Amino acid sequence: MSELKMDKNYNPKEFEDKIYDFWMDKKYFEAKVNKDKKPFSIVLPPPNITGQLHMGHALDHTIQDVIIRFKRMQGFETLWLPGTDHASIATEVKVLNKIKEDEGKTKDDLTREEFLAKAWQWRDIYGRKIVNQMKKLGNSCDWSKERFTMDEGCNDAVTEVFVNLYNKGLIYKGNRIINWCPDCQTTLSDAEVEHAEKAGHFFHIKYQIKGTDDYLEIATTRPETMLGDTAIAVNPDDKRYHDLIGKTAILPIVNREIPIIGDKYVDLETGTGALKVTPSHDPNDFLIGKRHNLEEISVIDEKGFMNENAMHFKGMDRDECRKEIVKELDEIGVLIEVKDHLHNVGVCYRCGTVIEPRVSKQWFVKMDDLAIPALDALKNKDMKLIPERFGKTYNHWLEGIRDWCISRQLWWGHRIPAYYCEDCGETMVSRDVPHKCSKCGSENIKQDADVLDTWFSSALWPFSTMGWPEKTEELDYFYPTNVLVTGYDIIFFWVIRMMFSGIEQMGEVPFEYTLIHGLVRDSQGRKMSKSLGNGVDPLEIINEYGADALRFMLMTGNSPGNDMKFMIEKVEASRNFANKIWNASRFVMMGLEDSTSNFELTGNEELDLSDKWILSRLNEVTNDVTSNLEKFELGLAANKIYEFVWDEYCDWYIELAKKRLYGEDEEAKLTVQKVLMTVLKDILKFMHPFMPFITEEIWTHMNSTNKALIISEWPEFDETKLDKNSVEQMNGIMDAIKNIRNVRATMDVSPKIKAKLLVIAEGKVRENIITNKQYLIDLASCSEVILEEKTNISDDAVSVVIEGAELFMPLSDLINFEVELKRLEDEKKSFESEIKRAHGKLSNKGFVNKAPKALINKEKDKIKKFEDMLVSVNERIESIKTKL
RNA sequence: GGGAGUAUAGCUCAGUUGGGAGAGCGCCUGCCUUACAAGCAGGAUGUCAUAGGUUCAAGUCCUAUUACUCCCACCA
């Protein structure tokens, strides 16, 4: 036993860093291929290097750390593989902003190489910062295996996958309409487009029908795109316009002749039922254009300005152009009306700029064939989502998936491994840079300028980080991983793409379970965001309350998949819990310094009721907590530990232990010390995954010679150690104590005043009370406990009626008989209502016939119990009445 | 337009296969009882959103309704 040096208050700052260094020094986090042990692996969702970790990361990481630490203690070879993500577009935006701030330069002023040098500097700074934050949180990641999505290995994996998919025809380059952000000046995938409701207008415009004075009324929200109109479409079933199909309309302002075509896509109800078709600037119109072989006329450039096809509007930005064109339409008398209109517009998920659909040549992943096995994997339960309801989101997205646009007009990211012959235009996709053109032999070869969508590399994370495409031992041993932990907001971006990538490249799902959590919101339920300034920095909380308090708070009071509010009161409550276990441990270890005992129970000790009770409860809790953790019910497990530690171990067992601890009987003292230590050790083990620092710190105080808590064995449930009898007896005693305390409080009797306790009871209850009378003396302010006959009870006593016994306290003049009468009458009422209830149930034939026998017997016992108690209470009431 | 979630004590939320409503915080009363006032003891507070249904039995399962939230979507 080490010398006790524990402060009165829990002070996490004094040991958290020290403990983390200790784990690092001993390399406890490092995973090795070990065929004698079962593997358990998690890959960390790599945080973006755009900045620092927020509360959502703290939640995500804590969940993983709890699972990993639990599995490590259970004897698995655990790998938690950490890393960071280059976050292509997000980081590029940040780095460019920084360059602008520092040097006043824009992207146009920089070469690609200059930019990349700055970006790598950024990644070094923020990558390190993020890792430090994770360490503060206590993450037990294997840092020796830390990865980055743009490191050499990941680059190889990306190239390999690209080439594989290209060779299989699953990656192609095509001229298609894509989402374009005019501000970021790059394409975006469908998942990167958010929809925002915006107030706009419906402009109703006349298009003259050629050779007549008739006109067709068109409604549009984007009049500026009319400059690129190449048709008008109506539904062939629409009686109003039916006859116009095949005729020609004249585009106002431009005076271009455009055909009127029939297409089922057009909705009869929407707008005027006639649709202007702009194949270059609308995804639907693009498809209509393909069906009818329409010309594509682009009128807006990549920066969002009108181009040379826009006549005198050239050079205006698209919003300005809208105003001008409406003005002009009005002037020439073709603007019929303008209606207010609320509609959804696509905006860039990074900068919020309204997306401009554009036709351009981009790289795509063909999704149809890849989606099917990913759908099957969920259906066949090769991968299980927790909670299951997210399966709907998963399926819905995969079922409706369109080809994935993967090229980005950015610099920061994986350069696309496609090469073009400058002479003959041949496209070559290969792992290595080709020396000469495979078609014409020219050496004039240029690599594609674009980079890949950042999620392309993230999708490979579960295997790229384990050495793939090499066939490594790690990959063989740790893949597929066991569980992936992430927020529901990232199912589309990441989970789904990892799924089809893992299945396609590895032939196996990347993880067996996906555990999905919600968002951490602010105390008012708003999303934490920079613009609102309502973010809470995990490091500040750790600094003030300790990482353990933060972790425990994140793990309790919410359930999987649901959002949670961050409230400082909850952190305080968790900190108080840490303080509780700190002081309980301090108490247990006080006076143990000089002992030579190892405080292991041998089985030969003389255990009293409270010992048997707490040991049996410990065993039960072991079972509950373990099964909760195995089912990833982390919050339930944490709650059970909390209750066991605080309510049962501290408030009852420790209080009862004091008598023997402070007594003269050395043997009894040693026994109780052993039980205290035994239970405490397991408590520390249960708590360790949730509160790793404080538990390890306490462990070093109590167990300096043994191995570290982090690698100690998880307690095993032993059914033979359940002692139902003792638990039942102890519950009886606790019930008596609570009742006595209640009565005394009702009577306003100071705890300092001790009173005799006269007991009337028979059989087992009588024996129980007498054997354990010391408990009543210690915890219920009794001076002594005496068995009595009913006839000898004086009238100036208050009484407590419990199951199988009546307890009397002669408090004479301290008793307020009116209060006592009221109390007894309340009690009587409650007994009567219980009896009525039970009778009600038992007189219900359906219940008697169909309910389980145990339940029926329970009701019968209840009646007996309360009827007995009712008799006693009635006697007391009569007796008290004589005193008034 | 489609889908999902939430609705339980004043507040924040648990409630694991249906079998007598829980916690933390807050509130009230009394305690500095030699582990802990970041504590101890006692107490009050709920038509478990509404209406039906299934069942012997519903906070829990089913249906509808209401309110709030979120996600998806190519109605100009």
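A note on names: the letters A, B, ... follow the listed sequences, proteins ahead of strands, and every chain is numbered from 1. This is a predicted model, so every value here is computed, not measured.
Both distances falling under 3.5 Å, in either a Watson-Crick or a G-U wobble arrangement, place G1(B) opposite C72(B). As the counterpart of U47(B), no nucleotide is assigned, since no Watson-Crick or G-U wobble pattern has both distances under 3.5 Å. As the counterpart of A67(B), U6(B) is assigned, both hydrogen-bonding distances of the Watson-Crick or G-U wobble pattern falling under 3.5 Å. Pairing of G42(B), defined by two Watson-Crick or G-U wobble distances under 3.5 Å, is identified with C28(B). Using Watson-Crick or G-U wobble geometry with both donor-acceptor distances under 3.5 Å, A14(B) finds no partner in any strand shown. Pair assignment for A58(B) gives none, since no Watson-Crick or G-U wobble pairing has each distance under 3.5 Å.
Annotation: the span from Asn576(A) atom CG to Glu569(A) atom CD amounts to 12.0 Å, rounded to 0.5 Å.
Here Asn562(A) does not reach the OP1 or OP2 of C13(B): none of its side-chain N or O atoms lies under 4.0 Å away. Phosphate proximity of C40(B) to Trp646(A): present, with a side-chain N or O under 4.0 Å from OP1 or OP2. At the phosphate of C71(B), neither OP1 nor OP2 sits under 4.0 Å from any side-chain N or O atom of Tyr349(A).
Residue Tyr265(A) is classed as a base contact, given a heavy-atom separation below 4.0 Å to a base.
The side chain of Arg389(A) sits closest to A4(B) out of C72(B), C70(B), A4(B). Of the candidate nucleotides C70(B), G42(B), U16(B), U16(B) has the atom lying nearest to any side-chain atom of Glu633(A). If you check G39(B), C36(B), G15(B) against the side chain of Leu636(A), the one that comes closest is G15(B). The Tyr10(A) side chain lies nearest to A38(B) when the options are A14(B), A38(B), C71(B).
No N or O donor and acceptor, one from the side chain of Lys8(A) and one from the base of C36(B), sit under 3.5 Å apart.
Counting only N and O atoms by type, the side chains of Glu630(A) and Ser627(A) include no donor and acceptor under 3.5 Å apart.
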Query raised in the report: Taking it one step at a time, do Glu859(A) and Lys862(A) satisfy salt bridge (Lys or Arg N to Asp or Glu O under 4.0 Å)?
Result: CA-CA 5 Å; Glu859(A) 292 303 321; Lys862(A) 202 180 285 175; 3.3 Å; yes

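Counted within 6.0 Å of NZ on Lys829(A), heavy atoms from surrounding residues, nucleotides or ligands total 12 or fewer; the atom is thus considered open.
A21(B) and C32(B) have their C1' atoms separated by 36 Å, given to the nearest Å.
Using a 4.0 Å cut-off between charged nitrogen and carboxylate oxygen, Lys864(A) and Glu803(A) do not count as a salt-bridge pair.
In terms of position along RNA chain B, the nucleotide closest to Lys862(A) lies nearer the 5' end than the nucleotide closest to the other residue of the pair Glu194(A) and Lys862(A).
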